[in-house]
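Take a look at the structure below.
The model shown is predicted, which means the values in this text are computed figures rather than measured ones. Note on naming: letters A, B, ... go to the chains in the order of the sequence lines (proteins, then strands), and numbering restarts at 1 for each one.
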Amino acid sequence: MIQIRDLTVAFSGRTVLDHLSLDVYEGKTLVVLGRSGIGKSVLLKAVLGLLPVQGGSVEIDGVEVLKASVSVAREYRGRVGMLLQNGGLFDSMSVFDNIAFPLRYHKLAPEAEIRGRVEHYAELVDLKDALAVFPQDLSGGMRRRAALARAIIQNPKYLFYDEPSTGLDPSTSALVEILIRRVKEELGITTLIVTHDVDMVMFLGEDVALLSEGHITARQDLKTVMTPGSEIWEQFISQREKAHREHGF
Amino acid sequence: MSSSPFSSGDFLDKLVTEIYLGPMASEWKAVRSTLIRTWGDFFRALAVGPFPWRETGRQFVRVINDGWVTVVAGSVVQGIFVMWLAGYYGKMFGAYIWVGSVTAYAVFREFAVLMTSVLFAGRIGTAFTVEIGSMQMSEQIAAMSLMNVDPQLYLTVPRVVASLIALPIFTAFSFGIAILSSWLLMAFFWDMSAQIFFQNAFMFTPATLLTNSLIRAFVIGFTVALNAVALGFHRCAGAEDLGRSTTKSIVLNLFSVLLIDLLLGILFTTLSSGLRG
Ligand SMILES: Nc1ncnc2c1ncn2[C@@H]1O[C@H](COP(=O)(O)OP(=O)(O)OP(=O)(O)O)[C@@H](O)[C@H]1O
Ligand SMILES: [Mg+2]
């Protein structure tokens with residue numbers, strides 16, 4: 001379980017996350033909804049130690065990682081994989097080398113075994129034919145799948161997705177959703193998705209939380225969320241119609 | 001804000017704020033902390049290790065590959081330049097036999113290291129900044145940290161170490177090429193004989209002159225590379241930010257080159273011969 005308490009992140013005086021608390025339960029898929037620029041990426045990056053944090057605590061499987069020693073924090077954060085918003089694929093390497101990178105760099109397996117594992121995960125994300133291609137020659141959806149394969153090759157217990165459907169057309173985005181579900185079910189990975197994509201909530205969400213003004217303002221299960229009149233429905237999902245109405249359409 | 005860049009007030013304003021007051025302007029405050037952090041990170045990464053031999057080797061080959069054409073071209077220009085000063089005036093004032101000495105002294109003492117460093121800052125330094133900056137923008141650096149790969153160890157250390165070895169090598173190349181091209185042109189235009197030229201060339205150039213220049217190149221290579229990489233790590237949220245970081249990188253590095261060259265040059269001269277010169 002990942003337990004976030006009072007997480008506060010500010011950049012040169014501007015507070016982005018303000019005493020945010022959130023629990024991620026094992027085996028479930030939690031979707032955090034939030035508008036653009038509200039701090040969704042910052043939340044994931046702060047938990048994983050990619051950004052300096054002003055206060056609060058993050059416990060991964062019972063161990064506080066923000067104040068832990070570098071090696072302890074590294075070990076526990078190592079249980080969490082993340083699909084970055086832009087994928088973060090190394091453009092100097094082929095897809096194969098990208099996926100193999102963590103195994104090779106840390107010498108986790110002999111080369112023959114690495115080949116097998118890369119092919120296995122490439123198969124899982126339907127990317128087996130593109131292993132020799134370089135990231136800049138991939139489409140947005142393929143790039144995301146390659147990054148996903150790289151994120152799961154070290155068998156993480158938790159997986160964070162940062163807006164996995166942004167910038168994809170509806171059918172590609174649906175494929176990514178299916179993939180996320182497949183990864184979760186086949187590998188038993190606890191999943192945390194941050195997005196502003198309501199479709200994703202409907203297909204994947206078991207728990208839904210709303211991020212607004214620096215903290216989680218509501219958390220409900222999917223069924224409740226999808227009932228018009230529920231808190232998250234009112235605060236987020238119906239906003240589109242409301243905006244239309246307010247502007248006279 | 002629609003005035004032409006050539007309207008004089010605007011131009012002066014830009015010149016003063018960006019070039020002269022630049023280091024004091026508020027934008028530089030953030031840059032300064034990025035610089036300090038990256039310098040610290042470099043030594044920390046070096047101390048913690050393990051030393052990235054493979055990447056350093058790769059970067060070394062890449063720096064040499066990318067830089068040598070620029071250095072050769074720069075050295076030839078340098079040779080012509082020195083030939084003009086030493087050869088033309090030497091001939092004019094009948095100091096024909098001293099031409100070799102003056103040429104060698106100017107090249108070994110100052111021109112080779114200065115010219116090579118400036119070209120290095122432009123050709124290699126800016127490439128470092130853009131490369132790391134765009135890796136940052138596309139979250140490649142975040143991806144590295146996520147995979148427990150220290151970006152300082154994987155990106156910074158190899159580039160800096162490769163540069164501090166490569167710049168002295170480039171400088172040594174520059175010594176040879178500049179002197180040679182200088183003589184070739186003098187031989188062609190003024191029938192300068194090889195014997196007179198080279199005999200005199202090495203008469204007044206002690207070996208310390210060479211080592212001093214090479215040490216300066218070493219320090220400059222280190223500083224320029226580390227500054228350039230640091231500016232790549234400076235937060236950039238888009239192409240415009242990256243452009244700004246790159247401009248800062250080259251401005252900062254050109255100043256660094258001039259300053260280090262000047263200060264170390266004075267220091268070495270003072271140490272080796274006292275202030276008498
Ligand atoms: N390293 C940083 N330094 C300074 N400000 C930052 C940094 N990272 C993010 N921010 C700021 O924090 C705010 C939240 O950014 P974040 O990227 O988390 O938004 P988001 O919710 O992920 O939005 P999007 O849907 O556009 O991805 C933004 O205003 C951004 O400018
Ligand atoms: Mg984001």
Side-chain angles (χ1 to χ4, degrees), chain A residues 11-13 37 41-42 44-52 70-71 73-93 98-108 135-136 140 143-144 146-154 156 158-163, chain B residues 26-34 36-37 40-41 44-45 47-55 58-59 61-62 66 127-128 130-155 157-159 232-239 241-242:
Chain A
F11 298 108
S12 45
S41 303
V42 168
L44 299 187
K45 287 181 177 169
V47 169
L48 288 169
L50 302 179
L51 287 173
V70 176
S71 61
R74 199 175 265 192
E75 185 196 330
Y76 281 85
R77 281 184 176 133
R79 300 180 180 191
V80 187
M82 176 167 172
L83 181 66
L84 290 156
Q85 192 164 351
N86 297 320
L89 293 171
F90 303 134
D91 45 28
S92 57
M93 297 177 192
N98 261 289
I99 302 176
F101 184 83
L103 300 180
R104 277 185 184 152
Y105 187 85
H106 296 294
K107 301 194 175 65
L108 297 178
Q136 51 273 36
R143 217 173 293 154
R144 223 151 295 182
L148 178 57
R150 188 176 68 178
I152 56 181
I153 201 161
Q154 284 184 282
Y158 305 93
L159 193 51
F160 292 175
Y161 292 87
D162 191 354
E163 307 210 15
Chain B
S26 70
E27 244 184 84
W28 277 86
K29 250 189 220 154
V31 171
R32 209 152 45 209
S33 69
T34 307
I36 293 169
R37 182 161 39 82
D41 282 347
R44 181 190 47 73
V48 174
F51 188 81
W53 291 105
R54 254 184 62 145
E55 272 306 301
R58 264 177 32 126
Q59 287 301 328
V61 171
R62 168 249 170 124
D66 285 358
F128 284 168
V130 173
E131 185 179 33
I132 305 236
S134 64
M135 287 182 83
Q136 191 211 137
M137 258 175 6
S138 55
E139 296 187 306
Q140 293 179 50
I141 297 195
M144 254 175 225
S145 305
L146 283 174
M147 291 185 280
N148 264 332
V149 176
D150 182 356
Q152 302 299 332
L153 213 50
Y154 193 74
L155 299 174
V157 171
R159 283 171 177 73
F233 280 111
H234 188 63
R235 175 177 147 78
C236 55
D241 281 352
L242 181 54

Given a strict heavy-atom distance threshold of 4.5 Å, which part of [X] is in contact with chain B: side chain, backbone, both, or neither?
| X | value |
| --- | --- |
| A:Arg77 | neither |
| A:Tyr105 | side chain |
| A:Leu48 | side chain |

Between A:Gly88 and B:Ala143 the two heavy atoms that sit nearest each other are O-CB, 3.4 Å
How long is the span from the [atom1] atom in [X] to the [atom2] atom in [Y], to the nearest 0.5 Å?
| X | Y | atom1 | atom2 | answer |
| --- | --- | --- | --- | --- |
| B:Glu139 | A:Ser41 | CD | OG | 6.5 Å |
| A:Phe90 | B:Met144 | CZ | CE | 4.0 Å |
| B:Gln140 | A:Leu84 | CD | CG | 10.5 Å |
| B:Asp150 | A:Arg74 | CG | CZ | 6.5 Å |
| A:Asn98 | B:Met147 | CG | CE | 7.5 Å |
| A:Ser12 | B:Arg235 | OG | CZ | 9.0 Å |

Select, from A:Met82, A:His106, A:Gln154, the one with the greatest count of heavy-atom pairs under 4.5 Å involving chain B.
-> A:His106
Flag yes if more than 12 heavy atoms outside A:Arg104 fall under 6.0 Å of its CZ atom; otherwise flag no.
-> yes
